Amino acid sequence: MFKDKLTDDLSDRKPNLGTLFARDLTEKSVAGGGESGSSPNGVVVHRPGEELELIEPNGSLDLGEKGSCGGYDSAERIAAAEKWSDLEHELSQEEINLEKLRRFAFTGLPNGGGIRATAWKLLLDYLPRSQDLWDKELSGNREKYAKLKEELLLTPSELWREKDETLNDEADVAGQLQRHRIEDHPLNDVKASVWHQYFQHGEIAEQIDRDVDRTHPDLNFFSGDSSFSRKNRGAMRDILLLFAKVNPAIGYVQGMNEVLAPIFYVFSTTYDEQDLANVEADSFYCFVRLMSDSIDHFCKHMDNSPVGILSTLSRLMELLKANDEELWCHLVYTSKVNPQFYAFRWITLLLTQEFKFQSILRIWDSLLSSPFGIQDMLLRICCAMLVSLRSKLLGGDFAANLKLLQHLPDEIDIEYLLRVARDIGPDGSALHFDM
């Protein structure tokens, strides 16, 4: 079965039955915003920290001709238009050059037009390099997702009803199905009972519903009572519940909804009708790929292992020491702010709770395109976050620094932050791309 393949990829893990935020010692703080859109022949560039206008799937802003970015000088408009054109050209090639795409993405992908969606699918290895294989790969995965949902998310009654509509009229088959229904029922507490297994996931589904309802509440893409936002929340819920069922050793951990949200949002802002109709399936597979890179951080029993969250936090502090020993010494010995109090959330949730939503998308462009991997780039960015706040941190005590690191100031320049992260390395070496 296909679900066995996914389970094998993330095997030998036990679920963290607690919540991320109980261990984080801080309240959940969600920042919002949205990805601004553009028409396929338009381009828009935003300054760091500038608020972007929210668009809904297949929507666009009236931006005029390509390269029209009001308020920017001609050089910036030309550079932005050239980047958009170069990306369109690269993504239209029969064979995608991933090295070029990574260079483009690392400096930020355009909002709208579906470019970011296509680029992320390539960077997450969901789409193969050969464009000739895209249709076959996508259709196959989407069909498998539909079968997984049918197998794992339908109630036993719904599943049997669908089988009734498709099974032939052979008496022996009908008799077997009828006997199964008689032997199994909603009050059956036998572990092999499909009803028992279904109700076992009821508590998980309720937790997912609560978390999805709180996903970026100031972003009307997920919040509110409109049919549009309800549909999005329903799709998010199905993805997370299916992930938990396919990977029972991991299950669902609070906070996974925040990691899924940027993927689901970006894939919903494309102009391709087929892609729009399959946002849920594409988001599921890309979410699985992204989680496979950091799933050990969600497993409490792995905390003290070489791949656990405590080891990763130690690597972060080693990185800080190599690049700013004075700041490292102050945090560790003077103000004594344990990285578990702030960086645990940064790392496990891939910074989705620390910045406004449009800034998260920009940061993820660099995360997903780093040639050294997502986790390496994530630690660089976390270290850069500390370095960018060094003057305030050096002047602060435990209480002041803890508050600052758990609630980052809004005025952080994201592009500057990413430039600092690019130049950070375990030995002071800078991140670079092979030409």
Side-chain angles (χ1 to χ4, degrees), residues 31 33 35-36 45-50 52 79-80 83-84 86-87 90-91 96-112 115-126 258-263 265-267 269 286-287 289-291 293-294 312 315-316 319-320 323 343 345-389 408 412-426 429-435:
E35 181 181 9
S36 73
V45 177
H46 296 272
R47 298 184 186 280
E50 182 182 356
L52 308 189
K83 182 174 183 178
W84 182 289
D86 289 344
L87 272 167
E90 185 56 42
L91 293 177
I96 304 299
N97 186 321
L98 282 183
E99 183 61 31
K100 285 185 178 180
L101 180 60
R102 287 193 183 100
R103 289 203 300 271
F104 281 126
F106 194 82
T107 58
L109 293 164
N111 294 314
I115 286 182
R116 177 176 275 135
T118 302
W120 281 16
K121 290 173 185 177
L122 284 160
L123 294 171
L124 285 167
D125 200 29
Y126 180 56
E258 304 294 349
V259 178
L260 171 61
I263 296 174
Y265 176 82
V266 167
F267 291 0
T269 54
C286 286
F287 176 69
R289 282 165 169 77
L290 185 60
M291 288 299 298
D293 190 64
S294 59
T312 302
R315 288 173 54 207
L316 171 61
L319 192 62
L320 177 63
N323 289 272
R345 186 178 68 185
W346 294 3
I347 292 169
T348 54
L349 301 191
L350 301 182
L351 303 173
T352 56
Q353 293 286 278
E354 316 311 320
F355 302 97
K356 292 182 177 180
F357 197 75
Q358 74 276 6
S359 297
I360 295 169
L361 302 184
R362 171 63 192 92
I363 290 171
W364 276 33
D365 289 340
S366 293
L367 273 181
L368 300 182
S369 59
S370 171
F372 297 108
I374 294 173
Q375 290 302 309
D376 181 273
M377 190 61 200
L378 178 61
L379 291 184
R380 289 171 182 262
I381 296 174
C382 290
C383 185
M385 290 160 65
L386 295 170
V387 172
S388 67
L389 296 170
L408 299 177
I412 288 182
D413 186 324
I414 298 301
E415 294 301 331
Y416 171 75
L417 182 70
L418 293 173
R419 286 197 298 272
V420 173
R422 179 193 60 198
D423 294 332
I424 281 177
S429 61
L431 175 65
H432 67 279
F433 292 88
D434 294 330
M435 299 303 291

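Not measured: the values here are computed from a predicted model.
- Closest non-hydrogen pair, Phe106 versus Arg362, comes out as O-NH2, 3.1 Å.
- At least one donor-acceptor pair closer than 3.5 Å links the side chain of Lys83 to the backbone N or O of Gly108.
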Apply side-chain contact (heavy atoms from CB on, under 4.5 Å) to the pair Leu122 and Leu91, showing each step before the final yes or no.
-> CA-CA 10 Å; Leu122 284 160; Leu91 293 177; 3.6 Å; yes

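- Without hydrogens or angle criteria, Ser388 side chain to Met385 main chain gives a donor-acceptor distance under 3.5 Å.
- Between Ala117 and Phe267 the shortest heavy-atom distance is O-CE1, 3.7 Å.
- The distance from the CH2 atom of Trp84 to the CG atom of Asn111 is 8.0 Å, given to the nearest 0.5 Å.
- Gln375 places no side-chain N or O within 3.5 Å of a backbone atom of Ser294 that could act as its donor or acceptor partner.
- With values rounded to the nearest 0.5 angstrom, Ser359 atom OG is found 11.0 Å from Leu351 atom CG.
- In this pair, Phe357 and Tyr265 present their aromatic rings perpendicular. The plane angle is above 60°, beyond the 30 to 60° band.
- Pairing each heavy atom of Leu101 with each of Ile96, the nearest pair is CD2-CG2, 4.4 Å.
- Residues meeting the ring pair (Phe, Tyr, Trp, His ring centres under 6.0 Å) test with Phe287, sequence neighbours left out: Phe243.
- Rounding to the nearest 0.5 Å places OG of Ser366 at 8.5 Å from CG of Leu109.
- Between Arg289 and Asp125, none of the side-chain N atoms (NZ, or NE/NH1/NH2) sits under 4.0 Å from a carboxylate O, so this pair counts as no salt bridge.
- One distance of note links CD1 of Ile263 with CH2 of Trp120; it measures 7.0 Å at 0.5 Å rounding.
- Counting only distance, with no hydrogens or angles, the side chain of Thr118 and the backbone of Ile115 share no donor-acceptor pair below 3.5 Å.
- The two residues Arg116 and Pro110 have their closest heavy-atom pair at CB-O, 4.0 Å.
- Of all the heavy atoms in Ser369 and Arg102, the pair that sits closest is O-CD, 3.2 Å.
- Put simply, the residue from Leu417, Leu350, Ile414 that forms a side chain to side chain contact (heavy atoms under 4.5 Å, CB included) with Ile381 is Leu417.
- Asn323 CG to Asp423 CG: the interatomic distance, rounded to the nearest 0.5 Å, is 9.5 Å.
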Does the pair Val387 and Leu320 meet the rule for a side-chain contact (heavy atoms from CB on, under 4.5 Å), with working shown?
-> CA-CA 8 Å; Val387 172; Leu320 177 63; 4.1 Å; yes

Evaluate side-chain contact (heavy atoms from CB on, under 4.5 Å) for Asp365 paired with Leu123, printing each intermediate quantity in order.
-> CA-CA 9 Å; Asp365 289 340; Leu123 294 171; over 6 Å; no

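- Atoms CG and CD, from Leu408 and Gln353 in turn, are 11.5 Å apart once rounded to the nearest 0.5 Å.
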